[in-house]
Amino acid sequence: MTGGRGARKACDDGGLRSAVVVNPVKVADPDRLRRTVTDVLAAAGWPEPLWYETSVEDPGRGQTEAAVEAGAEVVFACGGDGTVMSCVSGLVGTDVALAVLPQGTGNLLAANLGLSTDLAAGLQVAIERGRRLLDVGEVDGRYFTVMAGMGFDAQMLAATSEATKARIGWPAYVMGAARHLRDRPMRVSIRVDDRPAVRRRARSVLVANVGRLQGGIRLLTEAEPDDGWLDVAVLTPRTLRHWLSLGWAVIRGRGRVPRMEVFRGRRVIVTASRAQPRELDGDLIAPGRRLRAVIRPRSLWLCVPQPERARDLAVDAERAAERGEELVEEARRE
């Protein structure tokens, strides 16, 4: 990684300077987490990381920018999807790599990019220095790595309680979704690049950088994180039977999904007839009538277990977890 804001040289001992941006609400034992991260990095020859906690006022972007200015070459995002998204916003356009240590219940980025939810694996992936340069989507100055959405998907998120997510994980979203299956559709106009706008009565419009939903279900089979395109899924089910046929086709991985149209472009403007709930990477943002998204090609370095151009970045995730556990045990013995 060379050039651009945040470029730094590795330390003389071969380790990289790093920082941890942690959401303390998502961590059961912050002191133990800090000891583990520090000890594992030390065992790998890395210096002690800088440590930043998020707050309600700043969920991670400011802390990440401070870490970059302080000379970090890797920033560990330790929290849920909201923490990861905030860290991404502070790293776009820099040469500093993002390493994800998922602690929340959604972990949408981890599911899409083959990143283990295991702490040891997340540390090992960063230490091994596998990197991939990814695209990022932008909505009103905020960034997303997975997808932005308007309509049903945001309604589902709003209807899913944090307590239920903490108890049963991603299946909690199914319960939230069930509450809104019979809601009326929204009237939307969708304009992709300079093409004429199309008008639909849709339940949800998803603007995706990658294609997996919660639980690892792949909705958009052609969406890739570094192809320079946004994939737009327009879902138009009107009855429970429509929802069932759509869901069954997605689960089975069929190429053609009933009640779903797919467009592709670099700029997307979705305009609804009335204000609608909206979300970025699984985090709710303010409702609005418009969702305007653009692609920022190859603008984020991510630590991955498989840096080559593979469709599935999880090729070596399990082995990375095993190597990470060995490193944790070594650090504890020392």
Novice: Would Val146 and Val92 show up in the same hydrophobic cluster when neighbours are defined by side-chain heavy atoms closer than 4.5 Å?
Specialist: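 In one cluster: yes.
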Novice: Is there a side-chain contact between Asp140 and Arg290 (heavy atoms, below 4.5 Å)?
Specialist: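 Counting from C-beta outward, Asp140 and Arg290 never come under 4.5 Å.
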Novice: Where is the tightest heavy-atom contact between Gly71 and Arg17, given as atom of each residue plus distance?
Specialist: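 What the structure gives for the nearest pair is O-NE, 3.4 Å.
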Novice: What pair of heavy atoms forms the shortest contact from Val234 to Ala202, and how long is it?
Specialist: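 Closest heavy-atom pair between Val234 and Ala202: CG1-CB, 3.8 Å.
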Novice: So Val22 and Trp51, do their side chains get closer than 4.5 Å, heavy atoms only?
Specialist: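 In contact.
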Novice: Can you tell me how far the CG atom of Leu230 sits from the CZ atom of Arg267, to the nearest 0.5 Å?
Specialist: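 Answer for the CG-CZ pair, Leu230 versus Arg267, is 11.0 Å.
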Novice: When you check the gap from the basic side-chain N to the acidic O, do Arg264 and Glu222 get nearer than 4.0 Å?
Specialist: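 Looking at Arg264 and Glu222, the cut-off is not met.
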Novice: Dump the intermediate steps for side chain to side chain contact (heavy atoms under 4.5 Å, CB included) on Val257 and Leu219, then the final yes or no.
Specialist: CA-CA 9 Å; Val257 177; Leu219 177 69; 5.6 Å; no
Novice: Give a yes or no on whether Ile285 and Val188 share a hydrophobic cluster (residues Ile, Leu, Val, Met, Phe, Trp, Tyr; joining criterion: side-chain heavy atoms under 4.5 Å apart).
Specialist: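 Hydrophobic grouping puts Ile285 with Val188.
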Novice: With no hydrogens and no angle check, is any side-chain donor or acceptor of Arg203 less than 3.5 Å from a backbone partner on Gly151?
Specialist: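 Such a contact is absent between Arg203 side chain and Gly151 backbone.
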Novice: Do Leu91 and Leu280 sit in one hydrophobic cluster, given that two such residues count as connected whenever their side-chain heavy atoms are within less than 4.5 Å of each other, even indirectly?
Specialist: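 Per the 4.5 Å side-chain linkage, Leu91 and Leu280 are not co-clustered.
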Novice: I need the minimum non-hydrogen distance between Thr94 and Gly90, along with the two atoms involved.
Specialist: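 Reported closest heavy-atom pair: CG2-O, 4.2 Å.
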Novice: Could you tell me whether Asp193 and Arg195 make a salt bridge, using a distance below 4.0 angstrom between a side-chain N and a carboxylate O?
Specialist: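 Here Asp193 pairs with Arg195 in a salt bridge, since their nearest N and O are under 4.0 Å apart.
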Novice: Would you tell me whether Asn209 and Thr145 have side-chain atoms, one donor and one acceptor, within less than 3.5 Å of each other?
Specialist: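 Judged by distance alone, the side chains do not pair up.
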Novice: Please round to the nearest 0.5 Å and tell me the distance separating atom CZ of Phe144 and atom CD of Glu138.
Specialist: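 Here the interatomic distance stands at 9.5 Å.
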Novice: Are there over 12 heavy-atom neighbours, none belonging to Arg191, within less than 6.0 Å of that residue's CZ?
Specialist: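 More than 12 within 6.0 Å, yes.
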Novice: So do the side chains of Thr38 and Pro49 get within less than 4.5 Å of each other, counting heavy atoms only?
Specialist: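 Yes, at least one pair of side-chain atoms sits under 4.5 Å.
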Novice: Within the supplied structure, the quantity of interest is the number of heavy atoms (other residues, nucleotides, ligands) at a distance under 6.0 Å from Arg274 CZ; does it exceed 12?
Specialist: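 Yes, because the 6.0 Å sphere around CZ of Arg274 holds more than 12 heavy atoms from other groups.
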Novice: Supply the atom-to-atom distance Thr64 OG1 to Leu98 CG, rounded to the nearest 0.5 angstrom.
Specialist: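 One gets 8.0 Å once the value is rounded to the nearest 0.5 Å.
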Novice: Do you know which two heavy atoms are closest between Ala70 and Leu50, and how far apart they sit?
Specialist: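 That closest heavy-atom pairing would be CB-CD1, 3.6 Å.
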Novice: Tell me, do Met186 and Met150 make a side-chain contact under 4.5 Å, heavy atoms counted?
Specialist: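 Yes, close enough: below the 4.5 Å cut-off.
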Novice: Quick check: closest heavy atoms across Ala97 and Cys303, and the distance to 0.1 Å?
Specialist: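 Closest heavy-atom pair between Ala97 and Cys303: CB-SG, 3.9 Å.
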Novice: For a 4.5 angstrom cut-off between non-hydrogen side-chain atoms, does Leu119 reach Leu33?
Specialist: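 Side-chain contact under 4.5 Å: yes.
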Novice: Can you tell me if CZ on Arg187 sees more than 12 non-hydrogen neighbours from other groups inside 6.0 Å?
Specialist: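 Not more than 12 within 6.0 Å, no.
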Novice: If you round to the nearest 0.5 Å, how far is CD of Glu279 from CG of Leu206?
Specialist: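 CD of Glu279 is found 7.0 Å from CG of Leu206.
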Novice: Do Met260 and Phe263 share a hydrophobic cluster (ILVMFWY, side-chain heavy atoms under 4.5 Å, transitive)?
Specialist: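 Looking at the clustering, Phe263 is in a separate group from Met260.
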Novice: List the steps and the verdict of side chain to side chain contact (heavy atoms under 4.5 Å, CB included) for Arg61 and Cys87.
Specialist: CA-CA 5 Å; Arg61 181 169 184 166; Cys87 291; over 6 Å; no
Novice: List for me each residue that meets ring-ring contact (aromatic ring centres under 6.0 Å, His included) alongside Trp243, sequence neighbours excluded, and say none if there are none.
Specialist: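 ring-ring contact (aromatic ring centres under 6.0 Å, His included) check on Trp243 returns Phe152.
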Novice: One pair to check against side chain to side chain contact (heavy atoms under 4.5 Å, CB included): Asp281 and Tyr143. What are the steps and the verdict?
Specialist: CA-CA 9 Å; Asp281 278 359; Tyr143 299 98; over 6 Å; no
Novice: Which value, rounded to the nearest 0.5 Å, describes the distance between Glu261 atom CD and Thr236 atom OG1?
Specialist: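 Going from CD on Glu261 over to OG1 on Thr236, the span is 6.5 Å.
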Novice: Does Arg218 come within less than 4.0 Å of Glu224, counting only side-chain N to carboxylate O?
Specialist: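 Glu224 and Arg218: salt-bridged.
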Novice: Can you give me the closest heavy-atom contact between Ala249 and Arg256, atom names plus distance?
Specialist: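 Closest approach of Ala249 to Arg256: CB-O, 4.3 Å.
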Novice: Can you check whether Phe76 reaches Leu123 side chain to side chain, under 4.5 Å on heavy atoms?
Specialist: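 With C-beta onward as the side chain, the pair touches.
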Novice: Hey, does the side chain of Arg296 reach the backbone of Gly137 with a donor-acceptor pair shorter than 3.5 angstrom?
Specialist: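 No, Arg296 side chain to Gly137 backbone: no donor-acceptor pair under 3.5 Å.
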Novice: Flag the pair Asp135 / Arg298 as yes when at least one side-chain heavy-atom distance between them is below 4.5 Å, and no otherwise.
Specialist: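 Yes, close enough: below the 4.5 Å cut-off.
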Novice: How many angstroms lie between CG in Asn23 and CD in Gln63, if you round to the nearest 0.5 Å?
Specialist: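 Reported to 0.5 Å precision, the distance equals 10.0 Å.
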Novice: Count I, L, V, M, F, W, Y as connected when their side-chain heavy atoms are under 4.5 Å apart, and connections chain through other members. Are Leu291 and Met156 then in the same cluster?
Specialist: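 As far as the 4.5 Å side-chain criterion goes, Met156 and Leu291 are not connected within one cluster.
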Novice: Side chains of Ser18 and Trp46, heavy atoms from C-beta outward: is any pair under 4.5 Å?
Specialist: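 Counting from C-beta outward, Ser18 and Trp46 do come under 4.5 Å.
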Novice: Could you go through Val40 and Ile127, starting from their C-alpha distance and side-chain angles, then the distance that decides it, and tell me whether this counts as side chain to side chain contact (heavy atoms under 4.5 Å, CB included)?
Specialist: CA-CA 9 Å; Val40 168; Ile127 290 166; 4.0 Å; yes
